[in-house]
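As the structure lists them, so they are numbered: ligands from 1, and atoms in each ligand from 1. A quick note: this is a predicted structure, and the numbers were derived from the prediction, not measured. Atom set for the values below is all heavy atoms of this structure, side chains included, hydrogens, waters and symmetry mates excluded.
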Amino acid sequence: MTKSPRFPQTGLSADAVAEALRAHAGLDSASVETIGFARRFFAGADVAAVAADAAGLFAHAGRVSSYPGLPQPPGMGQIQRELQQWALELLDAPEGTAARLTSGGTESVILALRACLKTAFPGKPSPAGTPPEIVAAWSAHPCIDKAAELLGARLVRVPVGVGHVADPAAMAAAITPATRMLYVSFPSYAYGLADDVAAFADLALEHGLWLHVDACMSGFLAPFQRMNGEAIPFCGPGIPGVSSLSADFHKHGYSAKGASALLLAEEAARAIDFVYSDHPLPTMATETLAGTAPGAALASAWAVMRYLGAEGYCKLAARLSAARQAFAAAVRSVPGFSVLGEPLFSLMVVTSSRHDMAAVHRGMAARGWFTLAVASPPGLHLNIGALDAPLAERFAADLSEVVRDAA
Ligand SMILES: *Cc1c(COP(=O)(O)O)cnc(C)c1O
């Protein structure tokens, strides 16, 4: 990186700006082309172009709020309503469920915790001096830690159980009078493995707790895997005991970055709307964290969904599953390596009882594989894309080479 120049005194022509931007974009895509797994959530150049064009067209669009105030753009309003409708339908939401459109999984989870704290226990304050508590597995995405820190709650992380998924007995044992929320993942970002949502839904009902299902990764993948006939359990708000669910359009919905959905009961959704009147201007009301809420990423999500339809998503889901199976087979073909648990989606952890995985991680990085190092159990975290099946053979070959070099 060169040192940034001072703020420019004069402007450039639009052509010159476009050329400079293309150069920056070219640097990014060139680095991405040469790194395995770096093209995260890439579903093809055509899909990427549809996503980008829509975002560009709506670059200046603000989202519509259900509260009166500024003039409401009817086109953006239509896009939002359809996206909400599609999210509710794809995630099997029962009547009375609302979808809030947010900037990403983290925002969806922050709002879920806000809904939990505001609505679930109006008459049940935490014991004196104790912040409200959330029980989550060690494998939960840190966005719940961020939410807890922001909203003054305390996150209690519990070791995962057999199969590296959330352990209902251990999580039940961590429930105290201050507990308000159980947080489970479908799948966890860390291990790519799905927690048993139905078991936790029963636990939540039994203890009168809010259950959040983090389906950020699979929200817009699992429905199409099911349509393809894959045996993927249900995880949505249709299961009694599930209070909220987060699903990201910008993961396997393949939209531009900045789009997610939070599903929760309509009443709970209204309870987290921020409405404020004691100031000089008309009532300020927002449904999500942003003030000026950008519409571009939502237009992008709408465009990709309209472009692909169920048929397009089903084809991509089938290709992703083929890629996952190809990688699992490739990993198992190299002596000493195994796949953690039974990954059903796009994430997979490679482990070994024999090899030093920190060294394997370094060796694979040197060969151009972008993986995260998993601390426990030591492993490589793979984020497999829909078009990645052709990479599996080279992955296996590089894995063999790395351990041969280390020997
Ligand atoms: C991506 C992801 C998140 C966080 O979402 P952001 O969009 O990065 O804020 C949370 N949980 C899981 C399982 C995820 O995959």
Please tabulate, one pair per line, all N/O donor-acceptor pairs under 3.5 Å involving side-chain atoms of residues 333-345, not counting sequence neighbours.
| residue | atom | partner | partner atom | Å |
| --- | --- | --- | --- | --- |
| S333 | OG | A330 | O | 2.6 |
| S338 | OG | T351 | OG1 | 3.2 |

Got a donor-acceptor contact below 3.5 angstrom from the R319 side chain to the A43 backbone?
no
Tabulating one pair per line, provide the atom names and distances (0.1 Å) for every N/O atom of ligand 1 that is less than 3.5 Å from a protein N/O atom.
| residue | atom | partner | partner atom | Å |
| --- | --- | --- | --- | --- |
| ligand 1 | 5 (O) | G105 | N | 3.4 |
| ligand 1 | 5 (O) | D248 | OD2 | 3.4 |
| ligand 1 | 7 (O) | G105 | N | 2.8 |
| ligand 1 | 7 (O) | D248 | OD2 | 3.2 |
| ligand 1 | 7 (O) | H250 | NE2 | 2.7 |
| ligand 1 | 9 (O) | G105 | N | 3.4 |
| ligand 1 | 9 (O) | T106 | N | 2.7 |
| ligand 1 | 9 (O) | T106 | OG1 | 2.5 |
| ligand 1 | 11 (N) | D214 | OD1 | 3.2 |
| ligand 1 | 11 (N) | D214 | OD2 | 2.6 |
| ligand 1 | 15 (O) | K251 | NZ | 2.9 |

Mind checking whether F395 and F327 have ring centres under 6.0 Å apart?
yes
Under 6.0 Å between ring centres, would you say that holds for H252 and Y254?
yes
Is R40 positioned over the aromatic face of F370, cation under 6.0 angstrom from the ring centre and no more than 45 degrees off axis?
no
Could you check whether the rings of Y313 and F224 sit parallel, tilted or perpendicular, using 30° and 60° as the cut-offs?
parallel
